[in-house]
Amino acid sequence: MYGTPLILKFDDIDAGMLPLVGGKAANLGVLTAAGLPVPPGLCVTTEAYRRVTEQAGLEDVLDALAVTAAGETRVLNELAGRARELVLSAPVPADIADAVRRSAHGPVAVRSSATAEDLPHASFAGQQDTYLNVIGADAVLDAVRRCWASLWTDRAVAYRAANGIDHRAVLLAVVIQEMVQSEVAGVMFTANPVTGRRHEAVIDASPGLGEAVVSGAVNPDHFVVDTATGRITERRLGDKRLAVRSLPGGGVEHVETAVEGACVTDAQVRALAELGGRVEDHYGSPQDTEWAVDAGGALWLTQSRPITTLFPIPRHPSPAGSGHPEDRTTRLRTGHRGSAGSGPAGGARGDARIYFSFSVAQGIYAPITPMGMSAFRLLSSSAAALLGTPVTDRLDGAPQFAEAAGRMFIDVTGIMRSRVGRMGLPRVLDVMEARSATVLRGLADDPRFSVTQRSLRPALRRLARNAIRFRIPARAAQALVMPEKAHRRAERLGVRLRAQPAAPADATALERLDHVERILGTRAVPLLPTVLPGPLAGFAMLGLAYRLLGDRARPGELQTVLRGLPHNVTTEMDLALWHLATRIRADREAASLLLGTPAAELADRFGDGSLPGVVDRGLREFLSVYGVRAVAEIDLGVPRWSEDPTHVIGVLANYLRLEDPALSPDALFARGAAEAVLMIRTLSARVGGVRGRIVRFALGRARALAGVRELPKFYMVTILAAMRAELMTVGADLTARGLLDSPRDIFFLTLEEARTALTAASGKTAPEQSPPATSGQSAPATSEGKAPTTPDQSTPATSGDAAPPYPAGLRTLVSERREDAARERRRRHLPRVLLSDGTEPEAVATSAPVDGALTGTPASAGSVTGIARVVLDPVGAHLEPGEILVCPSTDPGWTPLFLTAGGLVMEMGGANSHGAVVAREYGIPAVVGVARATEHIVTGQRITLDGTSGAVITT
């Protein structure tokens with residue numbers, strides 16, 4: 001290891017050197033190689049840190065940190081303090097000290113560069129230390145030592161814990177860079193970090209050194225620039241009362257200033273935006289940059305890193321054979337099919353698209369497994385064929401299918417541009433995902449999404465064609481006349497489904513994959529129209545009653561009719577579990593066991609057959625019907641309850657704790673049903689006559705049929721569970737061949753990858769491919785010298801180094817995707833609707849101003865109401881979970897408090913300060929630059945802050 005360099009100049013650093021030079025230095029090396037205006041400098045590599053600290057005795061601290069949860073702030077702080085002391089007291093070998101001293105020439109900035117820093121998924125903004133205007137060899141060496149120790153600041157340790165980053169795996173390099181004595185400096189985001197809008201530069205500027213802006217110590221001038229036109233679309237001047245300036249003998253001072261007007265000219269703002277565009281083009285993704293303008297007017301770039309809080313723009317692959325022959329190879333290598341091409345829009349500026357989050361609409365916030373995505377692509381292809389628009393490659397999915405960050409999206413642009421779709425889609429979502437419906441209606445006035453399909457005929461023709469094909473009108477009419485016949489047909493379908501989906505017992509793994517693709521790609525979706533006529537007729541009757549009643553029905557009364565619906569498979573499941581709980585309650589010993597034993601332990605005992613008879617038999621009976629279900633059950637990569645009944649056992653235990661008979665599920669269901677029947681009588685009597693009898697009939701049929709609405713999903717989940725079982729068998733085959741560690745690993749592959757692995761393992765021709773780097777993994781520069789891709793691109797970069805030939809690298813691929821999924825599960829905010837330019841419409845929607853509200857700069861979108869906690873000094877401060885932190889300003893030392901904060905209000909700072917960046921990363925709403933907030937708001941007061949509009953409402 002002693003042959004590893006201690007010092008590297010920026011000219012000698014590329015993006016592939018992250019483990020040696022850390023994130024900041026790697027980016028500075030990339031920018032320097034690109035010919036961008038970076039002040040010259042060098043890096044003291046992680047080898048120096050490793051050699052200094054290997055004798056420091058950090059092992060005990062690292063062991064303790066490994067078992068300390070992110071929420072244990074006091075313990076983390078104590079361990080961080082011990083680590084800092086150990087690093088500061090460790091001797092510096094003479095060769096390292098000499099190398100650092102020889103590197104000190106003139107005033108320099110000494111800055112930390114951690115290996116877990118400036119990454120695509122975590123910026124580590126301000127978590128380690130920087131020392132400005134350092135003069136003299138000994139002063140530089142001392143600053144380097146303090147940078148090493150700053151890897152263990154309270155805030156850095158808390159940040160790593162919150163982001164699931166192994167403390168043991170992080171090393172620190174140090175950047176020593178020529179000091180720019182700036183007249184004005186600041187921060188620039190090349191995409192709007194609050195709204196998500198790409199191609200919009202957001203610039204904060206203030207006199208003096210940039211530290212005043214990034215630390216949040218000043219209210220800067222704020223500009224927003226359309227980078228396509230250079231037009232300044234927003235201009236807000238701050239008071240800029242503080243400046244950080246260099247001292248002649250070294251160090252800096254904070255001085256009071258009184259700058260009238262803007263501290264940068266419009267020409268400088270446009271030049272900054274143009275520079276930001278060059279940086280973004282080079283990296284291929286939006287960047288968070290720091291910049292400075294010196295006394296001679298020269299513009300310098302002092303840092304660039306990915307914007308970590310932008311949600312990726314959903315993508316769909318270019319269809320096979322569309323002139324992009326590399327697409328299929330890329331998809332096979334990465335497994336991110338939605339990232340290989342641009343899809344119908346690809347986020348292109350000239351063709352704006354609307355993406356609706358199907359994941360959010362289904363209440364699934366965790367990322368979907370790669371195999372789960374493969375299943376949905378097949379299902380979407382089948383649905384497209386059903387609607388008369390078959391796709392060329394079923395594995396690609398329908399053109400409207402898109403994905404980002406492991407979540408499913410649907411491109412609804414065409415629907416919203418049609419007269420029928422614009423009327424129908426929001427109405428459907430009103431009863432499914434009302435907030436999305438509101439957002440979509442708000443886009444109706446956007447000229448980019450004006451109606452282009454005004455005729456009703458094409459939609460009516462498609463509707464009529466499918467209605468005739470699946471005999472929907474006849475079956476709906478039959479359901480209205482004889483509801484019980486519709487129920488019997490649905491039950492027969494359920495029986496057929498349970499028997500049909502399995503492949504032959506002697507099928508090979510490849511034949512099982514064929515079976516899965518056939519069922520999901522051609523057979524599953526066409527089953528649904530046989531069930532839908534019943535609930536469609538039921539809701540049609542509800543609509544008829546609504547029209548007949550008019551204003552005679554008060555708000556909420558029709559909803560009462562839908563309480564305690566019969567024939568609802570989900571309600572029946574809950575009641576079945578409740579009835580099992582009542583049987584267990586009668587067995588005192590069994591009840592005591594469930595109440596006093598962790599659910600996971602009980603699940604293990606169920607697996608080995610050692611539970612009491614009443615529990616064992618009851619669970620097996622329940623799971624024989626409902627074991628196909630799971631939390632996030634539409635992802636076939638998720639274990640079913642039949643595989644892991646821990647959740648079901650936990651619910652049983654909760655039912656046993658329910659003492660009040662009036663609150664039992666069966667009592668609540670019966671009470672709701674009785675209220676519904678009474679409401680039907682009331683409403684029909686209120687109308688009277690023939691109309692009243694029709695209302696009674698319509699509402700009665702609504703109750704008889706509407707509950708079946710849950711059945712199509714249950715049947716689809718039944719199919720997915722059967723296909724999961726087939727894929728587990730395929731996974732077992734790959735495991736037996738030594739290609740996977742566990743059969744369940746197959747769910748971190750796609751169908752194509754599983755097929756390619758099996759084909760290659762069987763000795764047949766298969767492409768040699770390397771496993772991809774994940775979105776959170778740095779990769780070396782490409783042959784053109786570009787840096788790795790980052791979150792704005794769904795396709796992660798692949799390593800330029802040799803990797804094990806595919807499928808020998810399957811284990812690595814699975815491991816990386818597991819890490820990716822774990823990271824994505826920590827994502828705090830998911831957009832309901834996203835535009836192809838990155839705009840989240842909810843984040844730009846503004847409400848009418850509220851009289852008496854405090855106003856500031858929006859810094860992190862979202863709204864929260866909670867109890868305020870005014871904190872003037874973070875040392876020793878305590879924040880209860882969910883409290884809203886109100887403070888004068890926040891340097892990075894404040895950010896550990898963000899872990900429990902429900903929101904942030906700051907008197908000072910801009911949207912690009914460290915505090916605002918970390919608030920966005922933690923997903924908490926934030927408003928900054930709120931004048932005299934700590935005086936107007938008192939601890940214990942209930943307040944509402946809107947991080948979208950910048951308003952803080954006090955009560």
Side-chain angles (χ1 to χ4, degrees), residues 361-363 422-442 472 476-484 486-487 490 531-575 578 658 660-714 832:
Q362 288 291 312
R422 180 166 292 197
M423 290 188 300
L425 180 59
R427 289 183 180 178
V428 171
L429 293 177
D430 280 334
V431 296
M432 176 184 176
E433 221 298 297
R435 284 177 62 182
S436 295
T438 301
V439 174
L440 290 176
R441 286 190 176 100
I472 289 176
Q478 187 182 63
L480 288 176
V481 175
M482 292 180 290
E484 60 281 355
H487 297 319
V531 184
L532 285 174
L536 285 176
F539 280 103
M541 289 294 98
L542 189 69
L544 174 63
Y546 174 79
R547 289 187 174 276
L548 291 174
L549 286 165
D551 56 8
R552 290 182 179 88
R554 303 185 185 101
E557 287 186 328
L558 279 177
Q559 291 300 316
T560 301
V561 173
L562 299 180
R563 290 181 184 172
L565 283 175
H567 310 294
N568 184 316
V569 66
T570 302
T571 302
E572 291 169 351
M573 177 188 73
D574 294 339
L575 291 174
W578 168 253
L658 189 59
D660 187 350
L663 298 178
S664 67
D666 55 351
L668 292 174
F669 181 82
R671 189 157 57 245
E675 290 172 356
V677 171
L678 179 61
M679 182 56 67
I680 291 175
R681 292 175 185 164
T682 301
L683 291 173
S684 59
R686 193 180 292 167
V687 179
V690 174
R691 180 176 290 193
R693 288 195 293 273
I694 297 174
V695 166
R696 175 176 290 200
F697 173 82
L699 293 180
R701 285 299 187 260
R703 279 193 58 75
L705 296 171
V708 186
R709 66 185 176 188
E710 292 287 317
L711 206 53
K713 181 181 179 182
F714 179 69
R832 282 174 163 76

Spacing of [X] atom [atom1] and [Y] atom [atom2] [to the nearest 0.5 Å]:
{"X": "Leu549", "Y": "Arg547", "atom1": "CG", "atom2": "CZ", "answer": "12.5 Å"}
{"X": "Thr560", "Y": "Arg554", "atom1": "OG1", "atom2": "CZ", "answer": "11.5 Å"}
{"X": "Thr438", "Y": "Leu429", "atom1": "OG1", "atom2": "CG", "answer": "9.5 Å"}
{"X": "Asp574", "Y": "Asp666", "atom1": "CG", "atom2": "CG", "answer": "11.5 Å"}
{"X": "Arg703", "Y": "His567", "atom1": "CZ", "atom2": "NE2", "answer": "9.5 Å"}

Nearest heavy atoms of [X] and [Y], plus distance in Å:
{"X": "Trp578", "Y": "Ser664", "result": "CZ2-CB, 3.2 Å"}
{"X": "Ala476", "Y": "Pro533", "result": "N-CB, 3.7 Å"}
{"X": "Val561", "Y": "Ala676", "result": "O-CB, 3.4 Å"}
{"X": "Pro483", "Y": "Ala704", "result": "CB-CB, 4.2 Å"}
{"X": "Leu565", "Y": "Leu562", "result": "CG-O, 3.2 Å"}
{"X": "Arg686", "Y": "Ala553", "result": "NH1-CA, 4.1 Å"}

(message) Exactly one of Arg709, Lys713, Glu710 should register a side chain to side chain donor-acceptor pair (under 3.5 Å) with Thr570. Which one does?
(response) Glu710
(request) Please assess His487 against Leu705 for the test side-chain contact (heavy atoms from CB on, under 4.5 Å), listing each intermediate value before the final yes or no. (result) CA-CA 8 Å; His487 297 319; Leu705 296 171; 4.3 Å; yes
(message) Using the side-chain contact (heavy atoms from CB on, under 4.5 Å) definition, which of the options Leu683, Val695, Leu699 pairs with Leu548?
(response) Val695
(message) Has Arg563 got a side-chain atom pairing as donor or acceptor with Arg671's backbone, closer than 3.5 angstrom?
(response) no
(message) Checking the side chain of Arg681 only, and the main-chain atoms of Arg696 only, is there a donor and an acceptor separated by less than 3.5 Å?
(response) no
(request) Answer yes or no: is there a side-chain heavy-atom contact under 4.5 Å between Val531 and Val708? (result) yes
Can you give me every donor-acceptor pair (side chain of residues 534-545, partner residue at least two apart or in another chain, under 3.5 Å) with its distance?
none

